[in-house]
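Working notes, structure below.
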Amino acid sequence: MIPYSRHDIDEKDIEAVVKVLRSDWLTTGPTIALFEQALAEKTDGGISVAVSSGTAALHCAMYALGVGPGDEVIVPAMTFAATANAVVFQGGTPVFVDVEPGTLLIDPAAVEAAITTRTRAVVAVDYAGQPCEYDVLRGIADRYHVALVADACHSLGGRYNKRPVGSLADLNTFSFHPVKHITTGEGGAVTTHDQQLASHMRTFRNHGITSDHIERASKGSWFYEMVDLGYNYRISDFQCALGISQLQKLDLWVTRRREIASRYEEYMAEISGISPLSVRPECYHAYHLYVVRLNAEILGRNRAEVFRDLRDAGIGVNVHYVPVHLHPYYRDRFGTSAGLCPVAEEAYEEIISLPVHSRMTDHDLEFIVQAVKNVIQK
Ligand SMILES: *Cc1c(COP(=O)(O)O)cnc(C)c1O
């Protein structure tokens with residue numbers, strides 16, 4: 001089975017991890033700061049705070065912004081559940097808004113229409129790896145005095161108007177799960193240019209304990225204070241060693257993903273009933289996913305049939321995502337239902353993610369395209 005995505009680990013990565021395993025620090029050591037620095041530099045992100053997952057990164061972001069009961073946070077319907085869950089972890093209410101039909105990125109007009117006096121933040125999800133319309137979103141966020149968060153778990157290595165992902169919102173979150181661009185096994189990070197938000201997140205990832213060295217030195221090295229309720233969202237040093245090593249290959253990998261996407265694009269143009277999502281010219285798409293829409297009427301077959309046949313042919317296709325407001329948890333807890341975000345709901349019936357990752361060969365690509373042709377001509 002050719003998976004829709006997978007990690008890419010080489011001997012250098014392994015050596016980097018082993019080196020840390022032989023050192024004095026497995027966690028809370030010097031490699032964490034090195035990884036944070038490398039990520040901040042790569043993304044022009046200012047300060048980076050590395051944590052145990054992308055979900056933890058989103059939770060840290062919600063905490064740092066002071067999201068709590070009674071607060072609303074605007075999120076797109078077309079995303080992974082964790083984007084909205086992070087709001088709920090803090091007792092806030094996710095407000096689902098629709099996406100644009102061509103790109104499946106959050107619709108700025110829908111964002112503006114959803115803002116109330118309770119809105120604390122807008123989370124823009126760079127779906128599939130394409131950055132959202134950050135200039136427009138920035139304007140809206142500033143006008144209404146709400147924070148702008150980028151869930152950039154799909155778009156590391158992407159750019160918007162030549163500016164790197166990681167530098168585009170007040171807080172930018174990343175995931176280093178093995179299906180993402182670079183991996184630390186499990187892991188995540190937030191980038192921000194705001195020193196105070198970064199400091200809140202560092203406290204939050206460590207049980208709410210302040211690690212002010214100066215204060216410790218003056219009051220005795222044993223002294224620490226827990227100033228708020230936090231979590232253990234720490235990442236380990238050997239994970240960060242892997243992250244540093246992986247980051248060096250990011251540009252190469254994004255280039256390869258883009259190459260695969262452009263080849264798919266050419267092939268898909270010849271097949272009626274299948275259309276790629278649209279890409280805006282100001283975006284440098286990082287292609288975490290390669291998503292196509294299937295037109296069941298033209299194909300004479302529905303998505304479920306195409307999906308099953310492609311899986312049977314050895315293609316690890318997937319569907320990203322079930323719109324979050326349709327999950328039973330959100331229906332039950334927040335009273336959401338079908339009809340709330342019609343563009344996302346309609347897209348959900350038609351989308352399928354074809355494999356794209358750095359280890360995919362040209363031969364794999366030909367094989368996949370041939371399988372797609374066979375399946376839809378059946
Ligand atoms: C992967 C992902 C997350 C969660 O990241 P984990 O590291 O798996 O916790 C959140 N949001 C989006 C859009 C993602 O793709």
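These values consider heavy atoms only, across backbone and side chains, with no hydrogens, waters or symmetry-generated copies. Read the numbers this way: they start at 1 and go in the same order the structure lists the ligands and their atoms.
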Under 3.5 Å: N or O atoms of ligand 1 paired with protein N or O:
from	atom 1	to	atom 2	distance (Å)
ligand 1	5 (O)	Ser175	OG	3.3
ligand 1	7 (O)	Gly54	N	2.8
ligand 1	7 (O)	Ser175	OG	2.7
ligand 1	9 (O)	Gly54	N	3.4
ligand 1	9 (O)	Thr55	N	2.9
ligand 1	9 (O)	Thr55	OG1	2.5
ligand 1	11 (N)	Asp151	OD2	2.9
ligand 1	15 (O)	His154	NE2	2.8
ligand 1	15 (O)	Lys180	NZ	3.0
ligand 1	15 (O)	Tyr321	OH	3.4

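No hydrogens or angles considered: nothing links the side chains of Asn318 and Ser353 as a donor-acceptor pair under 3.5 Å.
Under the 3.5 Å distance criterion, the side-chain polar atoms of Arg258 are matched with a main-chain donor or acceptor of His285. The backbone N or O of Asp170 sits less than 3.5 Å from a side-chain atom of Thr192, completing a donor-acceptor pair.
When each of Tyr348, Phe80, Tyr4, Tyr290 is paired with His320, the ring pair (Phe, Tyr, Trp, His ring centres under 6.0 Å) condition holds for Tyr4 and for no other.
Aromatic ring pairs are classed by plane angle as parallel below 30°, tilted from 30° to 60° and perpendicular above 60°; the pair Phe176 and Phe35 is perpendicular.
The salt bridge (charged side-chain N to carboxylate O under 4.0 Å, His left out) contacts involving residues 54-63 comprise nothing, where partners must be two or more places apart or lie in separate chains.
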